[in-house]
> 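The structure's right below; bear with me while I get my questions together.
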Number of protein chains: 2
Amino acid sequence: MNDAEPVPWLSDDEQRSWRAFVRLHLKLSARLAADLQSHSGLSAADFEVLVALTDVPEGRVRFQDLAKEIDWEQSRLSHQIRRMIKRDLVTREECAEDGRGAYVAISAHGRAVIEAAAPKHVVAVRRLVVDALTPEEFAELGRLSAKLTDRIEREP
Amino acid sequence: MNDAEPVPWLSDDEQRSWRAFVRLHLKLSARLAADLQSHSGLSAADFEVLVALTDVPEGRVRFQDLAKEIDWEQSRLSHQIRRMIKRDLVTREECAEDGRGAYVAISAHGRAVIEAAAPKHVVAVRRLVVDALTPEEFAELGRLSAKLTDRIEREP
DNA sequence: CGGAGATCCATGACGCGTCAACTAGAGATA
DNA sequence: TATCTCTAGTTGACGCGTCATGGATCTCCG
């Protein structure tokens, strides 16, 4: 009866905010993924890889570098690229300078697909998020996100 | 050269906000899942199911109702419960009133696990999110989240 | 040179999630 | 009752992601 609560549960308001936040991320990622899939036949993972590949002028990058760029584990990338090769979105190229290494290169088909997909994705993001808030609100959302990410990365 | 951009790309600021938001959700969900796994041996899916089961006094619910409660597809729940039964977190019980139906019931072990896990999870959420912002900021995050979720659910 | 250790990538096992197909029982109707 | 349809839940295939392991090659140092 004495002693402060050993576990500081969330207040009702906090609970509501937290739930809303979690729910948003579930709904939004599901929705964007579904749009991407139905409009362009791409998964979020496909999309991320293809965007990263178009960001580099040569259209090909070493596995390592790509993994770092998009912050993926190396084996995740390896699995993903295997699947994408089967659909001719990317190709794998040997690396002359390093016998262990390899390049991932975007294919012509992959380029066509991402060029069609990207604008649709942007439109969806705008419609569902950016334009759903005032510019001030959206900026604030960005600021709070950055603040939290910062905290998370500083944590033990 | 004329004609407005057919695709309204994000401005640099918008891009930054959007990226920060996406990054937050990736980092945060990864972090909370990792904590849950290492502290309690539970996945986020396990946790959600167990919480829903402790929320109901009898500790057992029909598959349908549980699926609706946590907003999951039925087959997702079916797969998840199968995996959880193997670890003795829940049990499956036949339904006398409806021969097709079945109950999911939390096991004694499941109850012990969730009761140990929940406070640790709350502490993590507090540490990583709630207490990382001012109360006003956190409330605003909740408000914006709800506003966006609302928009998403209203969309076609 | 030659061997130790590090680096690069692949793979297999497994959990998670979706979709489509399926089984079995319940309910309605003639 | 016979059948037709709807509902509850299961299952299999497959994509996604992590972890642990493995094999090839590079690097460095004696």
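Letters go in sequence order (proteins before strands), and every chain restarts at 1. Just so it is clear, the values below take in all heavy atoms, side chains as well, and ignore hydrogens, waters and symmetry mates.
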> Output the rounded distance in Å from CD (B:E48) to C1' (C:dG15).
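About 16 Å, once rounded to whole Å.
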> Choose from C:dC8, C:dG17, D:dG17 the nucleotide whose nearest atom is closest to any side-chain atom of B:R76.
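Side chain of B:R76 sits closest to C:dG17.
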> Which part of the nucleic acid, if any, lies within reach of B:R87 when heavy atoms closer than 4.0 Å are counted: base, sugar-phosphate only, or nothing?
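If one applies the 4.0 Å heavy-atom cut-off, B:R87 turns out to touch nothing in the nucleic acid.
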> Take the protein atom CG of B:D98 and the nucleotide atom P of D:dT7, then report the distance between them rounded to whole Å.
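Going from B:D98 (CG) to D:dT7 (P), I get 12 Å.
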> Classify the angle between the aromatic ring planes of B:F47 and B:H121 as parallel (below 30°), tilted (30 to 60°) or perpendicular (above 60°).
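Tilted.
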> Using a 4.5 Å cut-off on heavy atoms from C-beta on, say whether the side chain of B:E94 contacts that of B:R92.
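Yes, side chains in contact.
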> What I want to find out is whether A:D35 reaches A:R31 closely enough, with some N-O distance under 4.0 Å, to be called a salt bridge.
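A:R31 and A:D35: salt-bridged.
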> Specify the residue among A:A96 and B:Q74 whose closest nucleotide of DNA chain D lies further upstream toward the 5′ end.
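The residue whose closest nucleotide sits nearer the 5' end is B:Q74.
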> Is any side-chain nitrogen or oxygen of A:S43 closer than 4.0 Å to OP1 or OP2 of D:dC16?
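Yes, A:S43 has a side-chain N/O under 4.0 Å of OP1/OP2 on D:dC16.
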> Decide yes or no, distance alone: a donor-acceptor N/O pair under 3.5 angstrom between the base of C:dT7 and the side-chain of A:R100.
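A donor-acceptor contact between them is present.
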> In whole angstrom, what separates B:Y103's OH from D:dA8's P?
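Taking atom P of D:dA8 as the reference, OH of B:Y103 is at 13 Å.
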> Choose from D:dG17, D:dG9, C:dC9 the nucleotide whose nearest atom is closest to any side-chain atom of A:R83.
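Of the options given, the side chain of A:R83 lies nearest D:dG17.
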> In terms of side-chain heavy atoms of A:R92, which of C:dA10, D:dA8, C:dC19 is nearest?
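Of all the options, the side chain of A:R92 is nearest to C:dA10.
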> Between the base of D:dG12 and the side chain of B:H79, is there any donor-acceptor pair under 3.5 Å?
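Pair found.
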> Could you tell me how far apart A:Q64 (CD) and D:dC26 (C1') are, to the nearest whole angstrom?
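Value for this atom pair: 13 Å.
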> In whole angstroms, how far is the P atom of D:dA20 from the CD atom of B:Q37?
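For the pair B:Q37 CD and D:dA20 P, the rounded distance is 11 Å.
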> Roughly, in whole Å, what's the span from CG in A:D71 to C1' in D:dT18?
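Rounding to the nearest Å, CG of A:D71 and C1' of D:dT18 are 14 Å apart.
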> Using a 4.0 Å heavy-atom cut-off across all strands, classify A:R82 as base, sugar-phosphate, or nothing.
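Nothing, no heavy atom under 4.0 Å.
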> Check this for me, if you would: do B:K147 and B:D150 make a salt bridge, where the nitrogen-to-carboxylate-oxygen distance has to be below 4.0 angstrom?
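A salt bridge is absent here (no side-chain N lies under 4.0 Å from a carboxylate O).
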> Rounded off to whole Å, could you give me the CG-to-P distance for the A:L26 and C:dC16 pair?
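Distance, rounded to whole Å: 16 Å.
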> With a 3.5 Å distance limit and no angle check, can you tell me whether B:R23 reaches the backbone of A:S145 through a side-chain donor-acceptor pair?
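Not a single qualifying donor-acceptor pair exists.
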> Check every atom of D:dG9, D:dG17, C:dC9 against the side chain of B:F63 and return the nucleotide holding the closest atom.
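Of all the options, the side chain of B:F63 is nearest to D:dG9.
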> Looking at the base of D:dC19, is there any donor atom on it, or on the side chain of A:S75, that sits under 3.5 Å from an acceptor on the other one?
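Result: at least one qualifying N/O pair found.
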> Would you please confirm or rule out a distance under 4.0 Å between OP1 or OP2 of C:dC16 and any side-chain N or O of B:Q80?
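So the side chain of B:Q80 is within the cut-off, an N or O lying under 4.0 Å from OP1 or OP2 of C:dC16.
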> Which whole-number value in Å describes the distance from A:E97 CD to D:dT25 P?
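Distance check: A:E97 CD to D:dT25 P gives 15 Å.
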